[in-house]
Amino acid sequence: MARRSNRQIEHLLRRAGFGARPDELDFYGDLSIPDAVDTLVNFDQINTDIDSLIGQPGYVGYTTNGTFSPRTVIADARQRWLFRMVHSDRPLQEKMTLFWHNHFATGYTKLAGALGSAEGARYLAAKASEDPGGVRGQIEMLRDNALGNFRDILTNIARDTAMLFWLDGVTNTKTKPQENFGREIMELFTMGVGHYTEPDVYAAARVFSGWNVQRTGAGDALHYEFIYNAGQHETTAKTFSFPIYADGNPTIPARAAAGGMQDSLDLINALAGNPNTARYLATKLYRFFVSEFGAPDPSFVNAIASVYLQSGYDMKVVMREVLLSPQFWDPNNYFARYSWPVEFVVRALKDVGWTGFSVATALTPLSNMGQTLYEPPDVSGWRLGKAWFSTSAMLSRMNFAAQLATNQKFNIAARAKAAAAGQSPDTLLTFFQRELVTAPFDPGVVAELSTYLRSTGAWTGSDAQLQAKGSGLVHLLSGSSEYQFV
Amino acid sequence: MKVTRRQFVKFTGGGIGAFTMTFAAPEFLSDLARAQGAHVRNLVVLYLSGGNDSLSMLIPYNDPFYYSRRPTLAVPAGQVLQVGTDSSRVALGLHPRLTGLRQIFDQGRLALIQRTGYLNQSRSHFTGNDIWSTADPNNAAGLGWVGRYLDSLPSPVDALAGWNTTASMPHVLQSAQTAVPAIASPANYAFQSPNSGTEATAERTSVVRIASHVPIDRPELAFVYGSTQGALATLNKVATVATYNGSLAGAANYPANNGFAQALKAVAGAMVRGIGTRVFYVTTGGFDTHSGQNVVQTNGAYYNLMATLNDGLLAFYNDLRNQALLDDTLVLSFSEFGRRISENGSSGTDHGAASVMMAMGGRVNGGLYGTAPNLNTDPKNPTLENAAGDVTFETDFRSVYARVADNWLGTDSVSLLGGNFKKPVLTFV
């Protein structure tokens, strides 16, 4: 099946999703832009049980040792997420979950070191419906709240078992405040560096003292869950350099230990509503959804920051605004982002094909490209933009393109044949340039691609030639510099 | 930050030129030249990621406050590896696992520069790393200081003038004109194709030709073209490094399960093969020891950090000595900050300020530089800051960089660092 070209819908789905399968192009191509955006942001109205499709024929495959168990095996969790990115009919949900994963970047290795590998996977990737103890892993929480209220997301993150181990909240006590989470919630999760002081860090650590985990349940259901441990809460007043309450008061009052959990809720409320948080998030959204070229557009940042505040931190309202903004639809911003490795890999699968391909094959290449899901390098997330494009990472992208083209060689030839694209080198080139949309090629590059198709012998259009030249061309296109932009 | 590859592209004459250049003989020293006593000067930048608790690495073991402020983390005086006293007569010892570094210290080839940092030191990992990388506390978003050095070299700069042993680009290597390749594993650095034989050759030819069509008016795309060109230009030389296994026998060789040591093996291989690289970047992480730091216990968290560091550097040192490359090499370490003096409630340490830098190599004047902090909790203690919570800096880290720039790299530190940070007492190189 040839793809139904639609420049605007393709742009929308590269950003609000991971590119477009042919069936997605068909579905969204029938909608107006506002309707397409509404469909994307109101994904909760699309009934889907995406995970039930894993292992079914016609979908991308997986590879595992024994039973596929994303709840306890991190490699399986990675495959499940990649499967969802390829096949989910709620692309924006997966895209926002990835955005939040980078924002609240929590790494598996530290959890596995503290808790063991199965538990490390569990507190990141378990679904409550599949876990005997009802554990919902951090990424599942973010997925459930992908377009939820940002204050709720912050509250959930502060109570999240993986986060409590990742940023050492489990060791934060009354007598020995532990600063790690208190610092990062201000520096990386909300206001950004420069908007808090060192004394604020100490105060935040005291605010969160007593937020901890407890072991509960028995047998397979045994698990950690959040507990507010009043006995470990530091009860004196905490003063910040920024307002905590609506009247501008910067001091969280001294409270009895039993009611001290409110300290953190007050701080979270203040951070969610701080104008610097609004601008910090708006800037990050600009970089992820609109453009990484040049400085963020101030009018976008102002507009989105004010929608964020006026909506009471409702990310669905915010994202609808982002996807309908004039900056999003400015043609100069098409292909104005450096794709993340998972964006590149999933889009290549959607463009080139997945039948007979196992997502397990993509795990090592993704690591070589610099992005392993559930394993950001540190709490500040991945280094984005140009930092993805070291020479070795670029070579890894080119080599993944080669691996996928090798795997899909027969499918590629069959597609070209079905579309009668094998008549000449130029019909083949036109066909695959439409199947694998890239940032515009300079004419010299197109000429080189044509030269490549004419090399090594006369054109016959035979099956063997379509396999060789088709896979070679798909390799060249998906491994091109132009294809690395979304 | 504005980075373009235009000049890089211009200098190398585009992808085809760059590609064919890889078959030319290295312009740097041959084995024969080395045998005749000629030297080059390689710089290995070592980043200890996470904020190294240098008080657990270089220990003022006679300071009573060291023990009172670190009840579970202090190394008993009897276990430290004594390295003498500094100019303020503070007795110092290395962490007990640093037996190899002690050997190097005893040979006079390891310098420990105490209390390095800067005014109002950032306690943020990211801002801190940016500042140490740019050598500019006022513009931490600028180019890296090593990247700027590479930019200052006479053009054309070889595509392998720098070698980053990690998968992503560290800030310290970010440059305006010089694309430093990231080669985490020389063995995996190869070009793949869905076809074989003449078809595969035709494809590779096409990739090289396409890479020569750099879009001059699209800087972001041109940057990615630069990465592609860099990868293609370096494939063949890197292949020669992949076969290097080190000169040491058995357990003395680079430990297989130590990624840091394996990265140093690639660095040594690049030097031994003479592929022309002058600046290398290596890193070892896990230093953000907020909890369960376990400094003393065998296989404790910090103990293992020291094991990784020690075993990698010792193998590298001995290998380079065997290869007669020790005099050509300077290793310089940094970390984004030291850690708080008092341990926290989680038997760990939080983000602090000044720390210790290391310089190692055949031409290093080893020893103890600067003075140790006095750990007395008196808020007026001049060696501390933040109400005696953190170590305050005595030597601006840029003075260390300046010494390396002037006396090792042979460049002008004032222009490289944008100011005069020379400090004559820093005679470590």
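Every chain is numbered from 1 and lettered A, B, ... according to where its sequence line falls, protein lines coming before strand lines.
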Indicate yes or no: at least one non-hydrogen side-chain atom of Glu184(A) is less than 4.5 angstrom from one of His125(B).
yes

Name the region of Phe335(A), side chain, backbone, both or neither, that has any atom closer than 4.5 Å to a heavy atom of chain B.
neither

Taking all non-hydrogen atoms of both residues into account, name the closest pair between Glu187(A) and Ser124(B) and its distance.
OE2-OG, 2.7 Å

Is it the backbone or the side chain of Phe165(A) that comes under 4.5 Å from a heavy atom of chain B, or both, or neither?
neither

Give the intermediate values and the outcome of side chain to side chain donor-acceptor pair (under 3.5 Å) for residues His351(B) and Glu179(A).
CA-CA 9 Å; His351(B) 302 183; Glu179(A) 297 166 11; over 6 Å; no

At a heavy-atom distance under 4.5 Å, which candidate from Ala336(A), Ser392(A), Ser390(A) has the highest pair count against chain B?
Ser392(A)

Before you tell me yes or no, could you show the steps for Glu448(A) and Ser206(B) under side chain to side chain donor-acceptor pair (under 3.5 Å), namely the whole-Å CA-CA distance, both residues' side-chain angles and the distance that decides it to 0.1 Å?
CA-CA 7 Å; Glu448(A) 296 291 1; Ser206(B) 184; 5.6 Å; no

What residue in Ser185(B), Gly286(B), Ala190(B) has the most heavy-atom pairs under 4.5 Å with chain A?
Ala190(B)

With respect to chain A, which residue among Val207(B), Asn188(B), Thr205(B), Leu221(B) yields the maximal number of heavy-atom pairs within a distance under 4.5 Å?
Leu221(B)

Tell me, side chain or backbone of Asp378(A) under 4.5 Å from chain B's heavy atoms, or both, or neither?
side chain

For His213(B) versus Val445(A), what's the shortest heavy-atom pair and its separation?
CB-CG2, 3.8 Å

If one checks every heavy atom of Gln408(A) against chain B at 4.5 Å, the contacting part turns out to be neither

Can you tell which part of Pro199(A) gets under 4.5 Å to a heavy atom of chain B, answering side chain, backbone, both or neither?
neither

Quick one: closest heavy-atom pair of Asn399(A) and Gln192(B), and the distance?
OD1-N, 2.9 Å

Residue pair Thr391(A) / Ser227(B): nearest heavy atoms and the distance that separates them:
CG2-O, 3.4 Å

Chain B heavy atoms under 4.5 Å from Pro377(A): which part of the residue, side chain, backbone, both or neither?
neither

Side-chain donor/acceptor of Lys176(A) to backbone N/O of Ser346(B), under 3.5 Å
no

Under a 4.5 Å heavy-atom cut-off, does chain B meet the side chain of Asp168(A), its backbone, both or neither?
side chain

Which heavy-atom pair separates Leu395(A) from Ala231(B) by the least distance, and what is that distance?
CB-CB, 4.2 Å

Might you confirm whether atom CZ of Phe191(B) has over 12 heavy atoms from other residues, nucleotides or ligands at distances under 6.0 Å?
yes

Among Gly292(B), Ala202(B), Gly50(B), which residue forms the greatest number of heavy-atom pairs with chain A at distances under 4.5 Å?
Ala202(B)

Looking at side-chain heavy atoms only, is the closest gap between Thr228(B) and Phe389(A) below 4.5 Å?
no

Interchain contact, Ser471(A) with chain B, by part (heavy-atom threshold 4.5 Å)
both

Region of Asn386(B) in contact with chain A, defined by heavy-atom distances below 4.5 Å:
side chain

Under a 4.5 Å heavy-atom cut-off, does chain B meet the side chain of Leu404(A), its backbone, both or neither?
neither

Give the C-alpha distance, both sets of side-chain angles, the deciding distance and a yes or no for side chain to side chain contact (heavy atoms under 4.5 Å, CB included) between Ile210(B) and Ser480(A).
CA-CA 9 Å; Ile210(B) 288 170; Ser480(A) 69; 5.8 Å; no

Using a strict 4.0 Å threshold on nitrogen-to-oxygen distance, state whether Arg218(B) and Asp442(A) make a salt bridge.
yes

Ignoring hydrogens, what is the shortest heavy-atom contact between Ser291(B) and Thr171(A)? Give both atom names and the distance.
CB-CG2, 4.1 Å

With only heavy atoms counted, which part of Phe485(A) is less than 4.5 Å from chain B, the side chain, the backbone, both or neither?
side chain

Given heavy-atom pairs under 4.5 angstrom as the criterion, report whether the side chain, backbone, both or neither of Asp350(B) touches chain A.
side chain

Select one option (side chain, backbone, both, neither) describing which atoms of Glu292(A) are under 4.5 Å from chain B's heavy atoms.
neither

Asn368(A) side chain reached by Tyr189(B) side chain, heavy atoms, under 4.5 Å:
no

